[in-house]
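These notes are about the structure you will find just below.
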Amino acid sequence: MTEQNENVAFDPIRCEKATTLLQQGVSCYPHGFERTATVAEIRERFESIGHDPADERFALAGRLYTVRNHGKTVFADLGDETGRMQVYIRKNDLGDELFTRFVELFDRGDIIGVRGRPFRTKVGELSLWVDELQLLCKTLTDLPEKFHGLKDTEKRYRQRYLDLVMNERARETFRVRSRIISFIRSFLTERGYLEFETPTLQPIYGGANARPFTTHHHYLDQTLFLRIAPELYLKRLVVGGFERVFEVSKNFRNEDIDSSHNPEFTMVEAYEAYRDYHQMMDLTEELVLRLVETTHGSTSLVYGENTLEFAHPWRRMTMEEAVREYAGIDVLALSLEELARIAAEHRIPDCAKATHQREHLILFFEFFVESRLIQPTFIHDFPVENSPLAKRHREKEGFTERFELFINGMELANGFSELNDPRDQLERLLTQDRRRLEGDLEAQMIDHDFINALALGMPPTGGVGIGIDRLVMLLTDHASIKEVILFPQMKTARESEPAEE
RNA sequence: GGGCUUGUAGCUUAGUUCGGUAGAGCGACGGACUCUUAAUCCGUAGGCCAAGGGUUCAAAUCCCUUCAGGCCCGCCA
């Protein structure tokens, strides 16, 4: 019997009830129900109804969240996707057989369909006066406690369905997430962008500095990597003549898991020909502002303890200016010895390896500035050393036309004037590959096909990638990325282990 | 990788300081109740306290190990 399978959480009493229902000729899993309204629709239409029931009957369907049994009358709360509504059920109206079946064999958590007329109870609650009722799905497990609900964080992540059933906040978060992604798609589409899908399984990974997941294709007998970014493929499309492209992509990075990192995460990357990084900052700023307005009806929002303001214009400063402002250090005006001394004084990590002022600049920026960028801020003009895919700056030697967007100390977006000089790109990837072979687990591979694509000519192009998970965190006021990913990566709980070997 | 911290009934939890046979609410089960809404009232069952080991006459409680979480730091542009 399935009920005896130890990996299954069936409640024996509910199983018995299901069996009894079947014996009575009642299907526990019927094939449909003619629903004529949602809870929200009835709430809207009968907002001002009084105690007398409406003339019109409606059919509602949903899950039983609470049942208050008064003997020959029952109040219950029925919840569908749009909300909950109280239903009023009387023995008089249903008849003995159906009423008894409902009271004895239906449980909290079951999904039912009801028909009846809206009215307002004596204490003023809009309800449905039920005269007909039907089981739509018999539940075989208990629901969490009705008042405290489900709080256990781990359980909420591992059994997200249960979280969604119990917690409106969780439902709202993922509703917003879905809307954000739709909004991004229409925002870009309206501006003439085409959405494409590029490979998730890649023979050579690239487009970011990160450790990849490795897998193997049996038929090809070949190693493949899960993509860490779609960048190099999207640029091939720009080479091919698509001048505005984007992809909402799942990327996979084989790194640590913490409150802002999940091994698979969602990004949108967009590329537009004949644009530069200034214009991509404009695009990013407009997109995020419009998202904030759409989700909050305002240009500002509260995130944790901070109120963030997104109205134009956002602050834009170079990395060099940022370090000067936040740390009072003019990195490029100091000698390597002086920089090393400051680094030692503040115990700034990794400075021992830095062989150039520009490398100190990056480290100083991360140490002194990053976490203090609360309001939306673009930092631009990054050293060439850590920007292998960005075009060299039109004026500043040793720098690239790259920007990152920081909000609440988090990196939200990264973009640049795309490097389209194939010889320069080859040089930079050769440097990356050298580092990789020297043991840098996050350095990039050389993708010769990509370089050959550039050799065919890519127009001057601006590109940007925006981390959607972090954007959702921001827009839903969550501190952990696990709250905004439906099924975050969790270590597999071992099932009872037979002691072998 | 480092620090702190959590795991007790289906759910929410008390008990851990200072060792002495595990307590509650909700839920479930049985009963009463035809306008309740965390319904109410009466009654019943349900836990070897995450797992393993140790100390002890005696361990949920003290010690060690392991497992799975959470928070912070490091790392990850």
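Naming: A, B, ... by sequence-line order, numbering from 1 per chain.
Taking atom CG of A:Asn254 as the reference point, atom C1' of B:C75 lies 14 Å away to the nearest angstrom. Between the P atom of B:U37 and the NE2 atom of A:His70 lies a distance of 7 Å, rounded to the nearest Å. At whole-Å resolution of the value, CG in A:Asp77 and P in B:A38 are 9 Å apart. As a whole-Å value, the separation of A:Lys122 NZ from B:U36 C1' is 11 Å. For A:Glu154 and B:C11, the CD to C1' distance is 15 Å, given to the nearest whole Å. In this structure, A:Asn209 places its CG atom 11 Å from C1' of B:C76, rounding to the nearest Å. Atom NZ of A:Lys155 and atom C1' of B:G10 are 8 Å apart (whole Å). The CG-P distance, from A:Leu78 to B:U36, rounds to 20 Å in whole Å.
A 3.5 Å limit on both hydrogen-bonding distances identifies no Watson-Crick or G-U partner for B:C48. If you check B:C4 for Watson-Crick or wobble pairing at under 3.5 angstrom, you find it paired to B:G70. In a base pair of the Watson-Crick type (N1 to N3 plus N6-O4 or O6-N4) or a G-U wobble (N1-O2 and O6-N3), with each distance short of 3.5 Å, B:U40 is matched with B:A32. A 3.5 Å limit on both hydrogen-bonding distances identifies no Watson-Crick or G-U partner for B:G19. Across all strands shown, nothing is found opposite B:U55 as a Watson-Crick or G-U wobble partner with both distances under 3.5 Å. Base pairing of B:C26: its partner is B:G10, meeting the Watson-Crick or G-U wobble criterion (both donor-acceptor distances under 3.5 Å).
For A:Lys151, no side-chain nitrogen or oxygen approaches OP1 or OP2 of B:U12 to under 4.0 Å. Contact annotation: A:Arg68 reaches the phosphate of B:A39 (side-chain N/O to OP1 or OP2, under 4.0 Å). Between A:Lys482 and B:G70 there is a side-chain N or O to OP1 or OP2 distance below 4.0 Å. Contact between the side-chain N/O atoms of A:Lys146 and the OP1/OP2 oxygens of B:A38 is not found at any separation under 4.0 Å. In this structure, A:Arg156 does not reach the B:G69 phosphate: none of its side-chain N or O atoms is under 4.0 Å from OP1 or OP2.
For A:Asn92 against B:U34, a side-chain-to-base donor-acceptor contact under 3.5 Å is present. A donor N or O paired with an acceptor N or O is not found under 3.5 Å between the base of B:C11 and the side-chain atoms of A:His148. Checked by distance alone, A:Gln86 brings a side-chain donor or acceptor within 3.5 Å of a matching partner on the base of B:U36. Donor-acceptor pairing under 3.5 Å, judged by distance alone, is absent between the side chain of A:Thr66 and the base of B:U37. Within 3.5 Å, no donor on the side chain of A:Asp256 pairs with an acceptor on the base of B:G1, nor the reverse.
Nucleic acid contact class of A:Tyr88 (heavy atoms, under 4.0 Å, all strands): base. At a threshold of 4.0 angstrom between heavy atoms, the contacts of A:Glu366 are confined to the sugar-phosphate backbone, with no base atom among them. Within the nucleic acid shown, A:Asn69 comes within 4.0 Å of at least one base atom, counting heavy atoms only. A:Glu411 comes within 4.0 angstrom of the backbone, heavy atoms only, and of no base.
Here the side chain of A:Arg84 pairs no donor or acceptor atom with the backbone of A:Arg63 at under 3.5 angstrom.
Nucleotides B:A14 and B:G25 are separated by 11 Å at their C1' atoms, to the nearest Å. Taking atom C1' in both B:A22 and B:C49, the straight-line distance is 8 Å, to the nearest Å. Separation of the C1' atoms belonging to B:U56 and B:G69 is 31 Å when rounded to the nearest angstrom. Comparing the C1' positions of B:A45 and B:G30 gives an interatomic distance of 10 Å, to the nearest angstrom. On the C1' atoms, B:C41 is 34 Å away from B:A60, given to the nearest whole Å. Across the P atoms, B:U61 and B:U17 are found 10 Å apart, a figure rounded to whole Å. Here the separation of B:A38 from B:U6, taken at their C1' atoms, is 27 Å to the nearest Å. B:U34 and B:A39 have their C1' atoms separated by 14 Å, given to the nearest Å.
Residues A:Phe119 and A:Tyr88 place their aromatic rings such that the two centres sit under 6.0 Å apart. Here the two rings, on A:Phe378 and A:Phe403, have centers that are under 6.0 Å apart. Checked against the 6.0 Å centroid criterion, the rings of A:Phe365 and A:Phe406 qualify as a close aromatic pair.
The 5' end of RNA chain B is approached more closely, in terms of each residue's nearest nucleotide, by A:Gln489 than by the other of A:Leu389 and A:Gln489.
Proximity note for A:Phe75 (side chain, C-beta onward) versus B:U36, B:G70, B:C29: the nearest is B:U36. Listed nucleotides: B:U34, B:A39, B:U36. Nearest to the side chain of A:Lys72: B:U34. The side chain of A:Thr153 approaches B:G70 more closely than any other nucleotide in the set B:U37, B:G70, B:C11. When distances are taken from the side chain of A:Glu145 to each of B:C76, B:G25, B:C29, the shortest belongs to B:G25. The side chain of A:Leu150 has B:U12 as its nearest neighbour among B:U12, B:G69, B:U34.
A salt bridge links A:Arg14 and A:Asp110; the closest N-O separation between the charged side-chain nitrogens and carboxylate oxygens is under 4.0 Å.
Environment of CD in A:Glu345: crowded, with over 12 heavy atoms of neighbouring residues, nucleotides or ligands closer than 6.0 Å. Atom CD of A:Gln24 has more than 12 neighbouring heavy atoms from other residues, nucleotides or ligands inside a 6.0 Å radius.
Using the six-membered ring where Trp is involved, A:Phe102 and A:Phe99 have ring planes that are tilted, between 30° and 60° apart.
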Inset, instruction - Start with the C-alpha gap between A:His261 and A:Asp256, add the side-chain angles, then the distance that decides, and say whether side chain to side chain donor-acceptor pair (under 3.5 Å) holds. - result: CA-CA 7 Å; A:His261 296 82; A:Asp256 286 1; over 6 Å; no
